[in-house]
Amino acid sequence: MSKRKQSEGCRPMLRRTFLFLTGIALARVAADYFAIAQNRDSFLTLAGQVWQKSLAFLSSIQSNQTPQPLPNNPIVKSGKNNQPLPSNPIVKSPENSPAVQPSQPQIIKRSAKQAKPVQVSSQNVAGASFYLTTIDLADPEIYITIGLANNADFANTSKVTRGDEPFENMVARYRAAVVANGTFFGKDEQKSVLGNMVAAGKFLKYSRWENYGTTLGIKAGNQLEMVTARIEGKPDWSQHWFSLTCGPRLVKGGKVWLSPLSEGFKDSHVLGVGSRTAIGFPASRDKLFLVTFLDSLSLEAEAKVMQAIGCFEAMNLDGGASVGLAHQGQILLPPGRNLTNVLVVYDREYPAPTQLKQSWERFQKGSRPSPDPSVFFD
């Protein structure tokens, strides 16, 4: 064999040897790097951000290619036997008026004035009938939290579940001014709730990979924020005393804003016409509007109503058979099924538990929620 042929025969072997040794060296470097916990966390955070941006990009492509099945006008009158309430007038802004300019997040101080009961009234706007619950964040006795089925300590996940519970049982247990349906949950045996969840400054559900839907958060000083993860980036749940993820987003910056596919919503029950609940807040950010609709309507019709009552930001909550509302222990609208989570609002006449008030005080003084690694291990 000539020297030239011997040289050509050695090259593949040398190349393979070089790649093998390079692989070993890189593996050792990687092992040393990931041996440090901080490096592992940094890598996982970066990987999560890349994954999140990839999903957002793919979702935007899909939303551009697929027409969103959003009926633009139907409001189907319901035959529900709802309880009548006093009707308070709502002044609707003209349709062509400029959007309210955004206000900077501000600290809402609890008023020293005498507390008042939570206001729940019957309303009809743009042809839609609903109950309007006004939650005044400046009221010294008003607190909002999340109640879980069977008095569970943590929300249902794909690994651990406490199931569901009849709405009337939850109303009786929490003894609150208002109890209403909360966020979506699965129809399987686990009945996992949607998104990360914080109540009373404690994580009820957490995953570092969460990037679905829209989150309503209450920060220190009762500062409100609403964040759509795949559009604006994930919220910092560790800064929330109260946090609920649902969606789709209905109003953003005072304007109707609908992009359910980009948020990850594909269920026809969400995209079509159905029974709905929504929550939002005005530009002043000093109160929450919880709206429980008595009619079936589209997302667009729902969004227009939320805009009309003065919402600067608003999002959809669980709907369909989950829609339920109780006021001062009286069930105004019973759900058609058991629930896994509910919104709970306390006031002067139905005072919050001492433990809930103490958790709010601790949060104002700097205490922040942190996911328990023994519970949330993903």
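All values below come from the heavy atoms of this structure, side chains included, with hydrogens, waters and symmetry mates left out. Because the structure is a prediction, the values reported are computed rather than measured.
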May I ask you to check whether Phe154 and Phe376 place their ring centers less than 6.0 Å from one another? yes

Say whether, by atom type as modelled, one donor and one acceptor occur between the side chain of Ser243 and the main chain of His240 under 3.5 angstrom. no

Tyr212 ring center near Phe265 ring center (under 6.0 Å): yes

Kindly compute the distance separating CG (Asp372) from NZ (Lys202), expressed to the nearest 0.5 Å. 9.0 Å

One pair to check against side chain to side chain contact (heavy atoms under 4.5 Å, CB included): Phe312 and Ser284. What are the steps and the verdict? CA-CA 9 Å; Phe312 189 72; Ser284 59; over 6 Å; no

Looking at Val323, is its backbone amide N or carbonyl O close enough to the side chain of Arg276 to form a donor-acceptor pair, meaning the two atoms are under 3.5 Å apart? no

Spell out, as yes or no, whether a donor-acceptor pair under 3.5 Å connects the side chain of Asn341 to the backbone of Leu148. no

Can you list everything that forms a side-chain hydrogen bond (donor to acceptor under 3.5 Å, both in side chains) with Asn181? Sequence neighbours excluded, please. Thr277

Strictly distance-based, threshold 3.5 Å: is any side-chain N or O of Arg230 a donor or acceptor partner for the main-chain N or O of Asn211? yes

Among pairs that include at least one residue of residues 164-180, which meet salt bridge (Lys or Arg N to Asp or Glu O under 4.0 Å), considering only residues two or more places apart or in two chains? Asp164-Lys191, Glu165-Arg173

With sequence neighbours excluded, what pairs up with Phe185 under the ring-ring contact (aromatic ring centres under 6.0 Å, His included) test? none

By the salt bridge (Lys or Arg N to Asp or Glu O under 4.0 Å) test, which pairs, at least two apart or in different chains, include something from residues 313-339? Arg249-Glu313, Asp318-Arg337

Just verifying a value: how many Å separate Trp237 CH2 and Tyr206 OH, rounded to the nearest 0.5 Å? 7.0 Å

If you take all heavy atoms of Pro369 and Gly201, which pair is closest and at what distance? CB-O, 3.3 Å

Can you tell me if Thr245 uses its side chain to pair, donor with acceptor, with the backbone of Gly195 under 3.5 Å? no

Partner set under ring-ring contact (aromatic ring centres under 6.0 Å, His included) for Phe289, not counting sequence neighbours: none

Looking at every non-hydrogen atom in both residues, tell me the closest pair between Val120 and Leu332 and how far apart they are. CG1-CD1, 4.3 Å

Among residues at least two apart in sequence or on other chains, which ones pass salt bridge (Lys or Arg N to Asp or Glu O under 4.0 Å) with Lys116? none

Does any N or O in the side chain of Lys234 come within less than 3.5 Å of the main-chain N or O of Arg208, such that one atom is a donor and the other an acceptor? yes

Residue pairs, two or more places apart or on separate chains, that pass salt bridge (Lys or Arg N to Asp or Glu O under 4.0 Å) and touch residues 342-369: Glu141-Lys357

Ring centroid separation for Tyr346 and Tyr143, is it under 6.0 angstrom? no

Show the nearest heavy-atom pair for residues Ala326 and Val171, with the distance to one decimal. CB-CG2, 3.7 Å

Do Asn156 side-chain atoms and Gly163 backbone N/O form a donor-acceptor pair below 3.5 Å? yes

Would Tyr350 and Val345 show up in the same hydrophobic cluster when neighbours are defined by side-chain heavy atoms closer than 4.5 Å? no

I'd like to check the side-chain hydrogen bond (donor to acceptor under 3.5 Å, both in side chains) partners of Thr214; sequence neighbours left out, ordered by chain and number. Thr228, Glu263

Working to the nearest 0.5 angstrom, can you tell me the gap between Leu244 CG and Leu343 CG? 5.5 Å

Students should find that the hydrophobic cluster of Phe20, defined by side-chain heavy atoms under 4.5 Å apart, otherwise consists of Leu21, Ile24

Sequence neighbours left out, what passes side-chain hydrogen bond (donor to acceptor under 3.5 Å, both in side chains) with Asn316? Give chain and number order. none

For Lys287, salt bridge (Lys or Arg N to Asp or Glu O under 4.0 Å) partners two or more places apart: none

Check: Phe130 main-chain N/O paired with Gln123 side-chain donor or acceptor under 3.5 Å: no

Say you draw a straight line from OG1 of Thr134 to CG of Asp139; how long is it, rounded to the nearest 0.5 Å? 12.0 Å

Treating Gln307 as the side-chain partner and Gly254 as the backbone partner, does any N or O pair qualify as donor plus acceptor under 3.5 Å? yes

Can a donor-acceptor pair be found, under 3.5 Å and without considering hydrogens, that links the side chain of Gln119 to the backbone of Pro117? yes

ILVMFWY cluster, Val179 and Leu294 together (side-chain gap under 4.5 Å): yes

Residues that Phe242 engages under ring-ring contact (aromatic ring centres under 6.0 Å, His included), provided they are two or more places apart: none

